[in-house]
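These notes are about the structure you will find just below.
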Protein chains: 2
Amino acid sequence: MASRTVTLEQVARHAGVSPSTVSRILNGTAVVSDDKKQAVEDAIRTLGFVPNPVARGLAGGRTLSIGVVTQAIDSPFYGAALRGIEDTLGAAGYSPLFVSGHWNADEEARCIDVLRARRVDGLIVLTGRLSDAALRALARQLPVVVTGRSLKAPGLLSLDFDNALGARIATEHLLGLGHRSIAFIGGDPLHPDSREREAGFRAAFTDAGVTVDPMLMTVGDYQEAGGRQAIERLLDARRRFSAVFAANDQMAFGAALALHRRGLRVPQDVSLVGFDDLASASYSIPPLTTVHQPVMDLGRAAAAGMLALLAGSKPDTALPPPQLVVRESTASAVGG
Amino acid sequence: MASRTVTLEQVARHAGVSPSTVSRILNGTAVVSDDKKQAVEDAIRTLGFVPNPVARGLAGGRTLSIGVVTQAIDSPFYGAALRGIEDTLGAAGYSPLFVSGHWNADEEARCIDVLRARRVDGLIVLTGRLSDAALRALARQLPVVVTGRSLKAPGLLSLDFDNALGARIATEHLLGLGHRSIAFIGGDPLHPDSREREAGFRAAFTDAGVTVDPMLMTVGDYQEAGGRQAIERLLDARRRFSAVFAANDQMAFGAALALHRRGLRVPQDVSLVGFDDLASASYSIPPLTTVHQPVMDLGRAAAAGMLALLAGSKPDTALPPPQLVVRESTASAVGG
DNA sequence: TTGTACGCGTTATCAC
DNA sequence: GTGATAACGCGTACAA
């Protein structure tokens, strides 16, 4: 382990060249003769030189760091995305700077201010609360990648998952099993993806020529407690249903507990489908049938997109389509 | 929204003072007359000046950023700690730089190199894989806070949770319910806390005058799959047990699934206790009895400790004691 | 109390 | 191709 701060200038001296030459070699800014190049590389190795990103940032205007706005750093859902981002960015020499917006537009704006003050080279916003206009304005100042919405603007890449289609195939699965009375537990109504999932749910019904029972449409908060309460309300009101579609896995887990508490078995009495395919979904009891979201891929794609924006090349915007993972929480309807 | 980079120098000009005076006011480095102070503060406000941390880092040697080494950014366990760290650090104007070591000493060392290259002002290491010696060496170079081990060294603060006691009270709970044949699922044997939990388990037996059945001692990997396989091995070998203590919740979830698959009910046939009290523990089926770890507090304490080290004051090292959360996965032993 | 001058480690712009 | 030289924005001795 090299011990203390070796500077570029020392490398230059050691190699018998000027600092500029060293810099050029480091950044590939210009062509340098092979012998000098060799000398410098040797010097770098023997001295254990590591470029100082701080100085680099001041001089070159780039910090090699990317701000990542997530809603909660400890989100079971976005965790995987953060990991994908970290991997992809790290491989390119960039470091992510994670901040949490806590589902609050103001806080999110403050976070972004902090990130910009730290001179991040770009911004990745995972399902933010900011307006499209604010995002567009931001994109005029630095490269921006957003997920969870569709938005076209210069310097901006948006990666959207087809929530409607996901909800649709989940609902079709239930319908295909013979279920007709299907309760829907929606997420935060302010979330666009929540609305899209509801739309997909309804679309599947329409396509199948089945009518949605409005009394079975409930609203949660994307948390376990919301799913649980939704089921409890339904049960307290003596509603009849043979299946439940929760707009995310966390609510599905809450629903499962409520069902369990009331003596209803999954899937024998009630089938249950979630959305997201959290890591824990395959170890819930019973393992949850759910719509898989390629969250880590999303993170990777977002990071790769950012890298592309930074490099001025055309980012690849392809995201895998939604896919239903059938496990053990769904079964054929017995009575209907 | 202030639009473009206002510099300290511009503020100085606007206020009719020298740059150093502005700097002094910003950092409280020296006493400044009230009128100039007022003028500068006005200028800062009207110009919308925001200090550039990059330049600050280069000049002053401080970056106001703290490196945080976690094993996986998407860990369901450490997520809460990251959140606590983010909150506490952020309130003090510091930004965390999260990196993942992936339970690998080499990778962890590389991460630390990256962080040091970025000139972080301090390092928080959450249950790292590095040797005590390496950590001590590190602490000679910059303030270090470590969790998951007890270590005394100058410039280093270690925050340890009493794993042995936690395991002990969990085991006593089971013993108190009349269980005698208790299976133990250990975590990664390389993890010190895994060994401590096993020691606590054994200590409870010793205190109760009960003998541990070596055939019921199994090893997992701290993941769901490990817990599941452990139970499967036990059952395949026709071992008899009325309770299971898993060294963490994730393995307990895996164990629960394995039990469920074999037609064993929790807690009627087998009682189950976990360790950690993950957010999902209260929504598993049945809700899991487990040892609560104050993870967010741990994060807050680690950050506060770092701030104290940075300020040269004595950090408060107190951490809440382990506490058993009794939910619905444990019941009295029927047969023994 | 306040200002001047220099340095932090790199990159960028010139000349050569 | 290569080397001076000047920024980059701020902190801090040192002097006043």
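Everything numeric in this text was worked out from a predicted model, so none of it was measured. So that the names make sense, note that chain A is the first sequence line, chain B the second, and so on, each numbered from 1.
Nearest nucleotide to the side chain of B:Asn52, out of C:dG9, D:dC10, D:dG3: D:dC10. Distance from the side chain of A:Leu8 is smallest to C:dT11 among D:dC10, C:dG9, C:dT11.
The shortest distance between the side-chain N/O atoms of B:Arg56 and the OP1/OP2 oxygens of D:dG9 is not below 4.0 Å. Taking side-chain N and O atoms only, B:Ser20 has no distance below 4.0 Å to OP1 or OP2 of C:dT2. For B:Ser18 and C:dG3, the shortest distance from a side-chain N or O to OP1 or OP2 is below 4.0 Å.
Rounding to whole angstrom units, CZ of residue B:Arg62 and C1' of D:dG11 are separated by 10 Å. We find that CD of B:Glu9 is positioned 13 Å from P of C:dA5, with the value rounded to whole Å. Rounded to whole Å, the distance from CG on A:Asp35 to C1' on D:dG1 is 10 Å. B:Arg13 has its CZ atom 13 Å from the P atom of C:dT4, to the nearest Å.
Salt bridge annotation for B:Asp113-B:Arg110: absent, with no cationic side-chain nitrogen under 4.0 angstrom from a carboxylate oxygen. Between B:Asp34 and B:Lys37 there is no salt bridge, since none of the side-chain N atoms of the basic residue sits less than 4.0 Å from a carboxylate O of the acidic one.
The stretch residues 23-31 of chain B touches DNA chain C through B:Arg24, B:Val31, each having a heavy atom within less than 4.0 Å of the strand.
Between B:Ala59 and B:Lys36, the residue whose closest nucleotide on DNA chain C is further toward the 5' end is B:Lys36.
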